[in-house]
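Structure first, then comments.
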Protein chains: 2
Amino acid sequence: MTYHMYVHGYSARESERLTDQAQTLTELLHRDTRYSKGSQVLEAGCGIGAQTVILARNSPDALITSVDISEASLKQAQETIQHAGITNVTFRQGDIFHLPFKPATFDHIFVCFVLEHLTEPQQGLERLRPLLKEGGTLTVIEGDHGSAFFHPDDPDARQAIDCLVELQHQAGGNALIGRQLYPLIANAGYRDLHVSPRMVYIDASRPGLVEGFTKLTFAAMVEGVADEVEKQGLMNQDAWKKGITALYHTTEPGGVFCYTFFKATARR
Amino acid sequence: MTYHMYVHGYSARESERLTDQAQTLTELLHRDTRYSKGSQVLEAGCGIGAQTVILARNSPDALITSVDISEASLKQAQETIQHAGITNVTFRQGDIFHLPFKPATFDHIFVCFVLEHLTEPQQGLERLRPLLKEGGTLTVIEGDHGSAFFHPDDPDARQAIDCLVELQHQAGGNALIGRQLYPLIANAGYRDLHVSPRMVYIDASRPGLVEGFTKLTFAAMVEGVADEVEKQGLMNQDAWKKGITALYHTTEPGGVFCYTFFKATARR
């Protein structure tokens with residue numbers, strides 16, 4: 001397997017979490033991605049289709065080809081798209097590093113929450129580049145778990161997040177990749193590169209995000225690796241429990257939570 | 001002394017640093033603060049006048065009263081304002097906790113890089129509130145040193161920043177106050193509270209910020225506490241040096257630096 005979806009995907013609970021996250025963050029991450037009528041768009045690494053639905057709805061007249069290495073994820077993505085009544089997406093199984101397309105096939109390539117799972121993200125970007133037509137655009141969106149900070153602050157909560165980063169590292173990925181998009185994409189040979197941070201800032205005046213992001217997305221994601229953390233002895237179990245409790249404390253009325261996604265655009 | 005300017009101010013080098021920072025960040029922090037003709041504005045804690053100049057220029061027809069507890073800072077602020085040819089600012093020495101103004105004197109209160117130095121920031125906000133007219137606005141801007149993250153990441157650099165946070169804590173302040181503005185201001189009794197994060201995102205495509213912020217502001221600020229860190233033995237000296245070097249590495253072509261300020265607005 002070329003890349004791992006260690007943290008995301010596969011289980012029913014995790015799939016639900018991804019869908020919640022997608023809905024809450026749609027505007028923040030997708031508002032400035034609109035592809036014109038007839039343009040050929042490659043979504044490289046569509047997973048279970050959480051972003052595919054948004055992409056396709058925001059660019060209803062573009063022709064989207066969504067690729068993933070996992071047949072199981074593709075099947076789920078296909079069902080999601082059919083259920084949503086979307087007709088401008090074609091699915092195809094494939095490995096980002098060896099995609100079955102001719103050079104200069106696409107006007108645009110879209111890559112979201114994928115590079116974090118690749119052992120060689122720069123190489124992945126290099127392999128995608130010739131698939132773009134001259135002047136075609138690349139759009140990349142990634143998170144960065146090291147960007148999380150919160151109130152009340154808590155050293156155990158920070159260590160629990162570090163465990164997640166460590167596990168993604170063990171799986172060949174990089175949970176701190178958001179901050180690295182500029183050098184990665186520049187080194188892969190793209191031009192007109194622009195990176196914009198998209199911070200999710202959550203205080204008590206934003207209850208939808210408290211629930212949808214801090215609780216159901218972020219804290220749930222950290223909590224989701226509890227067994228693996230215990231199995232590997234990455235953290236003292238009392239400290240782990242205190243850390244998880246502290247993360248949920250940030251969802252109480254006096255709490256604040258910050259997390260930053262990064263969105264990059266560039267041209268071939 | 002009610003509050004300490006441990007990190008900022010006083011020395012010539014530090015004053016220069018503050019001026020650089022003010023210029024680079026003016027747009028990001030001040031763009032949405034404009035006070036109308038004839039409005040009475042209190043700048044609570046003006047320091048050496050770095051923000052006063054910007055405030056006064058952006059609201060040339062407002063009547064600004066700038067207060068600070070330090071006579072030395074006020075003198076410098078006064079010189080700066082005179083040198084800039086600004087005439088709508090009156091200076092007055094005073095303690096934020098016991099200001100010599102009648103209730104309901106001001107239409108607006110502006111507080112920038114001040115709460116971080118107060119042992120009782122919520123009490124400070126409570127004392128300021130009655131000085132506002134009914135419906136008058138409060139604007140607060142603060143940084144948060146725990147919001148800094150960067151590429152290449154480095155544990156020694158992170159520890160060096162933690163030393164700065166610890167020293168500000170010892171001085172009675174709080175270098176992580178930015179993330180806490182919402183609960184602090186809400187608990188001080190203000191209404192219509194809105195907090196907006198202002199991230200400074202810096203990659204190689206933004207050389208002015210690499211120089212003006214990462215190098216001359218942030219790294220210089222951390223480096224500025226070297227003697228105190230050594231004196232107190234807060235960090236192994238080899239690790240400290242490595243950490244400072246790593247901070248400057250983030251200013252090289254492949255580097256990235258992120259820091260978040262928080263801006264809050266509310267009404268009495």
Side-chain angles (χ1 to χ4, degrees), chain A residues 28 122 143-155 157-158 161-162 165 169 174-187 190-206 210 249-250 252-266, chain B residues 28 122 143-155 157-158 161-162 165 169 174-187 190-206 210 249-250 252-266:
Chain A
L28 182 72
Q122 187 183 315
D144 189 313
H145 294 352
S147 75
F149 62 100
F150 37 85
H151 175 73
D153 191 18
D154 183 88
R158 278 188 267 128
I161 295 168
D162 288 346
V165 173
H169 177 72
N174 179 1
L176 309 178
I177 202 162
R179 73 188 73 173
Q180 301 178 33
L181 289 187
Y182 189 90
L184 276 173
I185 297 170
N187 292 340
Y190 293 82
R191 61 185 174 81
D192 297 347
L193 171 56
H194 177 80
V195 174
S196 105
R198 310 275 162 118
M199 182 189 280
V200 188
Y201 165 77
I202 307 170
D203 59 35
S205 71
R206 310 178 196 215
V210 170
H249 276 157
T250 70
E252 290 168 10
V256 172
F257 193 88
C258 302
Y259 184 94
T260 301
F261 294 91
F262 291 84
K263 182 167 185 174
T265 55
Chain B
L28 182 72
Q122 187 184 314
D144 189 313
H145 294 353
S147 75
F149 62 100
F150 36 85
H151 176 72
D153 191 19
D154 184 87
R158 278 187 268 129
I161 295 168
D162 287 345
V165 173
H169 177 70
N174 179 2
L176 309 179
I177 202 163
R179 73 188 74 174
Q180 300 177 32
L181 289 188
Y182 189 90
L184 276 174
I185 297 170
N187 292 339
Y190 293 82
R191 59 185 175 81
D192 297 347
L193 171 56
H194 178 79
V195 174
S196 105
R198 309 277 162 116
M199 183 189 279
V200 189
Y201 165 77
I202 307 169
D203 60 36
S205 71
R206 312 177 194 215
V210 170
H249 275 156
T250 70
E252 289 167 10
V256 172
F257 193 88
C258 302
Y259 184 95
T260 301
F261 293 92
F262 290 83
K263 182 167 185 173
T265 54

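Numbered from 1 within each chain, the chains take letters A, B, ... in sequence-line order.
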| Who among P253(A), P197(A), G146(A) has the most heavy-atom pairs with chain B under 4.5 Å? | P197(A)
| message | Using a 4.5 angstrom heavy-atom cutoff, name the option from L193(A), V256(A), L184(A) with the most pairs to chain B. | response | V256(A)
| Residue part contacting chain B, namely of L181(A), when any heavy atom lies under 4.5 Å | neither
| message | Going by the rule side-chain hydrogen bond (donor to acceptor under 3.5 Å, both in side chains), which residues pair with N187(A) if we only count those two or more places apart in sequence or in a different chain? | response | none
| said: Heavy-atom cut-off 4.5 Å, strictly under: side chain, backbone, both or neither for F262(A) against chain B? | reply: side chain
| Qualifying residues under side-chain hydrogen bond (donor to acceptor under 3.5 Å, both in side chains), relative to Y259(B), sequence neighbours excluded | H145(B)
| query | Can you find a pair of side-chain heavy atoms, one from C258(B) and one from M199(B), that are under 4.5 Å apart? | reply | yes
| Side chains of S205(A) and Y182(B): closer than 4.5 Å at any heavy-atom pair? | yes
| What option among G255(B), S147(B), A186(B) has the most heavy-atom pairs under 4.5 Å with chain A? | S147(B)
| request: Check each atom of A204(A) against the heavy atoms of chain B and say whether the ones under 4.5 Å are side chain, backbone, both or neither. | output: both
| request: For residues F257(A) and R206(A), determine if any side-chain heavy atom of one lies less than 4.5 Å from a side-chain heavy atom of the other. | output: no
